Structures are given as C-alpha cells and as structure tokens.
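One structure below.
Heads up: numbering here begins at 1 and tracks the sequence. Worth saying up front: this structure is predicted, and the values here are computed from it rather than measured.
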Amino acid sequence: MKPLHLKVPVYGKFSIDVRRESIKYFSNPWHFHEELELTFIIKSEGTKFIGDHISEFKPGEIILLGSRLPHYWRNNNAYYQSSENNGAEAIIIRFNRDFAGKEFLKIPPMKPVLDLIQSATRGIFIIGQTNVSLQKKMKDFLTLNESQKIVGLTDILLTIAAKKQYSFLSSIGYAHQYKSNDIEKIDAVYDYVLDNYMNDLSVKDIAAKCKMNTAAFCRYFKKKTGKTFKDFMNDIRLGNATRLLLKGDLNISEIAFASGFNHPSYCNRMFKRMTGLTPKNYRMEYINPN
C-alpha cells in the first residue's frame with residue numbers, strides 16, 4: 001500500500017513537535033514521514049494499521065513509530081456519522097533522530113535510546129506500568145518549553161528503553177517500497193473494505209476498481225502491504241469480531257455474520273488461529289475471567 005509522505009513542520013530551531021488533537025475523527029490517510037512519532041490515544045476506538053500489522057485501537061494506547069513506518073488510525077464507522085466534534089483525541093509527539101544534536105545518541109549512556117529508535121521501525125506498543133507513567137509524561141509534555149522538551153523526550157525514551165515493557169507490531173520482514181502513483185489506488189481499497197467488510201466482497205470487483213485484473217491485483221496488494229488480500233480481509237473481520245465479543249451483546253453466530261463471515265465455523269477457525277482461543281473461550285476469559 002502506498003502511504004502518503006507527509007512533511008512535518010519543524011518549529012524554531014528544534015525538531016520536536018507536540019500537539020493535542022481533539023477532532024471529530026482521525027483524518028490522516030495511510031501515511032509515513034521522516035520523523036519518529038509517539039502517539040497516545042486519549043479518546044476513540046477503531047482500527048490501526050502499522051506497517052503490515054492490523055488490530056483494534058482503544059483509549060490508553062501508546063505507540064512509538066519509527067522513521068518512514070507507514071501508519072493509519074481509522075475510527076469505527078460510528079465516528080463518521082456522529083455529530084460530536086471531539087470524538088477522537090490524541091497527544092502526538094513527532095521528532096527526528098537528531099532532536100538533541102547529531103552527536104547526542106553516539107555517547108555511551110544513550111546507546112539504549114539509539115537501539116530503541118532503530119527497533120521502532122517495526123512499531124512499538126507500550127504496555128504495563130510504563131504505559132501508565134508515559135500517559136502522565138505525555139500530558140505534561142504539552143506544557144514544556146523548547147529546552148525542556150529535549151530533556152522530557154530523552155526521559156521518555158530512556159524510560160521505554162530501560163523498562164522494556166513493550167511488544168513489536170509490524171513483522172520483522174516487513175519492508176516498504178513505494179511509488180508515487182500507488183497512493184490513490186490502495187487508499188481506495190482500504191476505505192472500500194473498511195466500509196463494506198461485513199458484506200460479501202468480491203476480489204474481482206475490488207480489482208476492477210483499481211483497473212487491474214484479479215491476479216495482478218492480488219500480486220500488487222501482497223507486494224505493497226505484506227499481506228494477501230484474503231489475510232487482510234480476515235484481519236479486518238476478526239478485529240470487528242473481537243470488538244463485538246467484548247461488548248457481549250450478540251451470540252457467536254451473530255458476531256460471525258455481523259463481521260462478514262459467511263460461516264460461523266470458519267470464523268471460529270480463523271479466530272482460534274489468531275488468538276489461540278475459540279470465540280467462546282475468548283469471551284469467557286476476557287469478560288468473565290472468574
């Protein structure tokens with residue numbers, strides 16, 4: 001998938017940009033930028049795409065993205081239909097590798113941060129107590145002056161590197177190579193699938209939207225996203241099934257059909273492959289653990 005290459009503005013002499021977005025829904029398309037990014041989701045839910053990773057996102061998540069790693073936060077459909085003007089909220093810190101000077105990360109005490117920045121090319125999902133402490137640090141970051149931002153960001157990165165309470169998102173083999181004419185084609189596929197995954201989608205029809213035959217489209221999609229189109233569809237549908245399971249309003253068969261699976265047995269099989277649990281056992285473990 002061809003992400004949009006965004007140019008992030010640099011303020012003054014420093015290369016750290018922090019903002020608190022409070023909007024109706026997240027509106028950036030699938031994109032990447034030279035800067036690293038630390039994102040804290042304060043409000044809203046939806047699907048996140050990080051390289052070749054796809055999963056649901058929810059409030060409280062903190063993710064560190066490496067330079068040029070494609071990403072996209074897509075809110076659930078209800079956010080696009082809502083009249084609420086601040087349905088989605090996040091704190092975003094963008095910075096370049098040399099935010100404290102070209103030699104800073106070369107000194108021995110900063111090696112853990114250098115290693116972290118290099119690892120962030122896969123996307124890093126912050127968990128545990130580190131996530132809790134970073135939520136406060138990122139809120140406080142909004143009030144810092146330019147000099148304090150350098151100290152504050154160094155502290156945040158050292159905290160992540162030292163505690164190691166994180167998991168990687170994108171696969172180790174993921175590589176992104178794009179041409180400028182890819183973006184509209186794949187963006188259209190993503191938007192169409194996210195709006196219609198609950199229906200019986202035809203690969204032939206989607207390929208036609210891209211003005212390609214089916215075989216060429218499938219090769220193209222796998223090359224650009226790291227996933228087959230079938231795996232992509234299953235990821236989207238399983239993400240929705242997980243969300244519905246945790247809500248607890250529908251039975252397993254209803255969830256399978258509401259997520260676009262024609263057969264509950266196939267949904268069960270794919271769900272167990274993804275999570276190691278059947279939908280029934282997943283619901284029992286996460287809703288009624290006792």
Side-chain angles (χ1 to χ4, degrees), residues 1-6 8 26 28-41 45-58 60-75 90 92-97 112-128 130-131 134 156-157 160-161 163-179 182-183 185-187 189-191 193-194 197 218-240 242 270 273-276:
M1 175 180 183
K2 168 61 175 73
L4 179 66
H5 186 179
L6 294 186
V8 177
F26 297 130
N28 270 344
W30 175 249
H31 69 284
F32 69 93
H33 36 71
E34 304 301 322
E35 294 76 13
L36 290 92
E37 178 176 306
L38 189 64
T39 296
F40 168 29
I41 303 294
E45 298 177 343
T47 304
K48 63 178 178 285
F49 301 79
I50 311 293
D52 61 359
H53 170 88
I54 304 173
S55 66
E56 297 294 298
F57 73 81
K58 58 184 181 299
E61 292 191 0
I62 298 178
I63 294 175
L64 176 63
L65 303 170
S67 174
R68 299 180 66 84
L69 176 62
H71 52 283
Y72 176 29
W73 273 262
R74 210 268 195 179
N75 286 115
I92 302 166
I93 301 173
R94 292 188 179 129
F95 59 98
N96 66 38
R97 179 190 176 107
V113 172
L114 179 60
D115 292 342
L116 180 71
I117 285 176
Q118 292 170 340
S119 298
T121 55
R122 292 179 60 190
I124 291 176
F125 185 78
I126 314 299
I127 59 176
T130 303
N131 173 287
L134 257 58
I156 286 173
L157 296 176
I160 298 172
K163 300 298 184 182
K164 297 187 182 302
Q165 292 184 309
Y166 56 75
S167 59
F168 293 109
L169 296 175
S170 189
S171 67
I172 195 168
Y174 175 73
H176 40 283
Q177 298 179 3
Y178 311 108
K179 297 179 181 178
D182 291 328
I183 184 169
K185 187 178 296 183
I186 302 296
D187 273 350
V189 173
Y190 265 53
D191 284 341
V193 170
L194 287 164
Y197 64 85
C218 289
R219 289 193 300 270
Y220 174 85
F221 192 85
K222 175 68 182 296
K223 180 179 179 181
K224 296 302 177 182
T225 68
K227 289 180 179 288
T228 65
F229 185 76
K230 182 178 180 180
D231 286 343
F232 169 73
M233 282 295 308
N234 280 336
D235 283 347
I236 296 296
R237 287 170 169 162
L238 288 170
N240 186 68
T242 301
M270 292 297 101
R273 180 184 296 178
M274 179 183 76
T275 67

Closest non-hydrogen atom pair between [X] and [Y], with its separation:
X: Arg74; Y: Asp191; value: NH2-O, 4.0 Å
X: Leu36; Y: Arg97; value: CD1-N, 4.0 Å
X: Leu69; Y: Thr121; value: CD1-O, 3.3 Å
X: Leu157; Y: Leu116; value: O-CD2, 3.5 Å
X: Asn75; Y: Glu45; value: ND2-O, 3.1 Å
X: Val113; Y: Ala161; value: N-CB, 4.4 Å

Quick one: does [X]'s side chain get under 4.5 Å of [Y]'s, heavy atoms only?
X: Asn96; Y: Glu34; value: no
X: His53; Y: His71; value: no
X: Trp73; Y: Thr39; value: yes
X: Met274; Y: Thr242; value: yes
X: Phe229; Y: Val189; value: yes
X: Pro70; Y: Phe49; value: no

Point-to-point distance, once rounded to the nearest 0.5 Å, from [atom1] of [X] to [atom2] of [Y]:
X: Leu194; Y: Thr47; atom1: CG; atom2: OG1; result: 6.0 Å
X: Ser67; Y: Glu37; atom1: OG; atom2: CD; result: 11.5 Å
X: Asp231; Y: Met270; atom1: CG; atom2: CE; result: 9.0 Å
X: Ile93; Y: Phe40; atom1: CD1; atom2: CZ; result: 10.5 Å
X: Ile126; Y: Asn131; atom1: CD1; atom2: CG; result: 8.0 Å
X: Phe168; Y: Arg122; atom1: CZ; atom2: CZ; result: 5.5 Å

Picking from Ile62, Leu64, Ile124, Ile63, what satisfies side-chain contact (heavy atoms from CB on, under 4.5 Å) with Tyr166?
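The single option meeting the side-chain contact (heavy atoms from CB on, under 4.5 Å) with Tyr166 is Ile124.
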
According to side chain to side chain contact (heavy atoms under 4.5 Å, CB included), who are the partners of Asp235, at least two apart in sequence or on a separate chain?
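Per chain and number, Asp235 pairs via side chain to side chain contact (heavy atoms under 4.5 Å, CB included) with Ile54, Lys227.
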
Under 6.0 Å between ring centres, would you say that holds for Tyr190 and Phe232?
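Ring centres of Phe232 and Tyr190 closer than 6.0 Å.
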
Could you check whether any side-chain N or O of Gln165 sits under 3.5 Å from a backbone N or O of Thr130, counting only pairs where one atom can act as donor and the other as acceptor?
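Such a contact is found between Gln165 side chain and Thr130 backbone.
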
Taking only Lys NZ, Arg NE, NH1 and NH2, and the carboxylate oxygens of Asp or Glu, determine whether Glu56 and Lys48 approach each other closer than 4.0 Å.
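The answer is no: the pair does not qualify as a salt bridge.
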
